[in-house]
Amino acid sequence: MPDVGEGLTEAEILKWYVQPGDTVEDGQIVCEVETAKAAVELPIPFDGTVHELRFPEGTTVDVGQVIISVNVGGGAAPEAPAAPVAEAAPAAAPAPAAVAPAAVEEEAAPQGRTPVLVGYGVAASSTKRRPRKSAPGTAQAAPAAPVQAAPAAVSVPEQLNGHAPAGARPLAKPPVRKLAKDLGVDLTTVTPTGPDGIITREDVHAAAAPAPAPVAPAPAPAAIPAPTAVVAPAAVVSTDTRETRVPVKGVRKATAAAMVGSAFTAPHVTEFVTFDITRTMKLVEELKSGKDMAGLRVNPLLLIAKAVLVAVKRNPEINAAWDEAAQEIVLKHYVNLGIAAATPRGLLVPNIKDAHAQTLPELSASLSELVSTAREGKTTPAAMQGGTFTITNVGVFGVDTGTPILNPGESAILAVGAIKLQPWVHKGKVKPRQVTTLALSFDHRLVDGELGSKFLADIAAVLEQPKRLITWA
């Protein structure tokens, strides 16, 4: 498992794209993993044949552990194991080893090498890998036991046709697996109704439905097959029909830790401003029909982001960070503008690098790419690092405002509320106008009330009179 996020210590294997016996080429994507920051696809750095998958999907693996081995230069890898091969293995070999890394020494393919993913070197055919750690409660294999059959016995997962055999990983598409995780359903207990034994969304919903009668502590009724495989680490654990327990991991775990650290480290102050944004809304419509922005996405968030950049230019001290170790305030002469995005993996905050130097069309293109990438779950760890200021748009949910918590390493964050038609005094008369509320939270260690107030007022002033985008830029 490579370090795909600059210092991350572990990642969860979300999906394997290859199986033992498959041929792979240099640069081919072989699996998708989720770190504490994002989902990342991992390429293989050599040509060959997949020898073994070391961990099943849903397993959290430490950085540096071998997750796949590939035979190169020495012919094809051993074919995926059939049941008789597994049964022929010595009794001392831990079986099934498909759901947990067993203590097995593997002999490399003769006259070749067995490279491992990614960038951690290869094992020469004359050497053996050090034993892998056993799962808790798993007996160590006897040193004298034959080792040539071991790789076949631990192939993960087995290539399946139709219904999954006992102990094998059930067939289901990634969205269905996520649904099962969210509902607390162990896929090994679900009866598939899809073609070729694939579990469907309807199967998961049926399995998640409450039982018609209370379930006694005794074994489950015969109509519901008891689990025959170890529950994967990613599975949701349901205690009863009244509550569900969801493991805190990946993006949600990192977000929780960051928010707790931010809330109890930086003294937060939040200020609010409510104003008439009607002229900006009219400008949005004009830009949509203009040639300069043809083919680009134009919405209120685009002009709000531009107003923030103008306000940062007028109040550069807001774009800073607190260095606790050095006891220094670090002023940033660039703006990496973060946009909080709600995704199926949790809240992500990718940022637009050097947003201060982008024209309005360039900023529009960057925002569109950022949002679409986040929704597809393709945001990289690098895209979420180095942010200097964040915008979170709670208005898309119909919320008027909020008190956002700072993104760690930043001094301020702006919450954008819903834009609503309201009665407003305009030119001495009460008229229906488009009105919104902005909320600015800032770190009071380096942003005092005056600076925070001036910065927030400048954003509102630009959006009230968008011509200031030209005069103040």
Side-chain angles (χ1 to χ4, degrees), residues 3 5-9 35-38 251-273 304-341 346-358 370 379-394 401-416 438-460:
D3 178 1
E6 298 185 12
L8 296 175
T9 60
T35 70
K37 296 184 177 181
V251 173
R252 187 171 298 277
K253 181 178 181 180
T255 300
M259 292 300 97
V260 170
S262 176
F264 291 97
T265 300
H268 284 56
V269 172
T270 304
E271 295 186 341
F272 309 88
V273 61
I304 292 170
K306 193 64 177 178
V308 166
L309 296 172
V310 171
V312 169
K313 183 177 180 181
R314 289 169 57 86
N315 305 273
E317 297 86 358
I318 200 79
N319 191 47
W322 181 273
D323 189 334
E324 181 66 28
Q327 287 295 294
E328 295 175 341
I329 295 174
V330 183
L331 298 176
K332 309 293 180 65
H333 304 303
Y334 57 92
V335 181
N336 289 347
L337 185 61
I339 305 294
L347 183 67
L348 303 179
V349 189
N351 60 79
I352 301 172
K353 310 298 183 186
D354 293 326
H356 66 287
Q358 296 190 4
L370 178 148
T379 302
T380 64
M384 293 185 287
Q385 294 170 353
T388 65
F389 186 92
T390 295
I391 297 175
T392 177
N393 186 7
V394 299
T401 189
T403 55
I405 297 178
L406 296 172
N407 205 27
E410 300 175 14
S411 65
I413 180 173
L414 181 74
V416 179
L438 301 179
L440 179 74
S441 291
F442 51 86
D443 186 341
H444 216 344
R445 293 175 297 179
L446 64 164
V447 179
D448 59 24
E450 179 185 11
L451 174 59
S453 299
K454 288 172 61 178
F455 176 73
L456 184 59
D458 279 354
I459 297 174

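In this chain, numbering begins with 1 at the start of the sequence shown.
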With rounding to the nearest 0.5 angstrom, report the [atom1] to [atom2] distance, [X] to [Y].
X: Thr401; Y: Leu440; atom1: OG1; atom2: CG; value: 10.5 Å
X: Glu328; Y: Leu446; atom1: CD; atom2: CG; value: 13.0 Å
X: Asn319; Y: His333; atom1: CG; atom2: NE2; value: 9.5 Å
X: Gln385; Y: Lys353; atom1: CD; atom2: NZ; value: 7.0 Å
X: Leu456; Y: Phe442; atom1: CG; atom2: CZ; value: 9.0 Å
X: Leu337; Y: Thr388; atom1: CG; atom2: OG1; value: 7.0 Å

Nearest non-hydrogen partners of [X] and [Y], listed with the distance:
X: Gly386; Y: Asn351; value: C-ND2, 4.2 Å
X: Ala383; Y: Thr379; value: CB-CG2, 4.0 Å
X: Leu309; Y: Ala355; value: CD1-O, 3.5 Å
X: Phe455; Y: Val308; value: CE1-O, 4.1 Å
X: Thr403; Y: Ser441; value: C-OG, 4.0 Å
X: Ala266; Y: Arg445; value: CB-NH2, 3.8 Å

Heavy-atom check, side chain of Val447 versus side chain of Ile318, under 4.5 Å: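 When only atoms from C-beta onward are counted, Ile318 and Val447 do touch, with a gap below 4.5 Å.
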Does any part of the side chain of Val416, heavy atoms only, come nearer than 4.5 Å to the side chain of Leu438, both counted from C-beta? yes
Only counting residues at least two apart or in another chain, list the ones meeting side chain to side chain donor-acceptor pair (under 3.5 Å) with Asn336.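 Asn336 satisfies side chain to side chain donor-acceptor pair (under 3.5 Å) with no other residue.
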Passing candidate, side chain to side chain contact (heavy atoms under 4.5 Å, CB included) with Val349, options Ile413, Thr392, Thr390: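 Result for side chain to side chain contact (heavy atoms under 4.5 Å, CB included) with Val349: Thr390.
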Listing, residues 310-317 side-chain donor-acceptor contacts under 3.5 Å, not counting sequence neighbours, or none:
unit_1: Arg314; atom_1: NE; unit_2: Asp458; atom_2: OD2; d: 3.1
unit_1: Asn315; atom_1: ND2; unit_2: Ala311; atom_2: O; d: 3.0
unit_1: Asn315; atom_1: ND2; unit_2: Asp458; atom_2: OD2; d: 2.9

Using modelled atom types only, decide if a donor and an acceptor are shared between the side chain of His444 and the backbone of Pro267 within a distance under 3.5 Å. no
Does the pair Phe389 and Lys332 meet the rule for a side chain to side chain contact (heavy atoms under 4.5 Å, CB included), with working shown? CA-CA 10 Å; Phe389 186 92; Lys332 309 293 180 65; over 6 Å; no
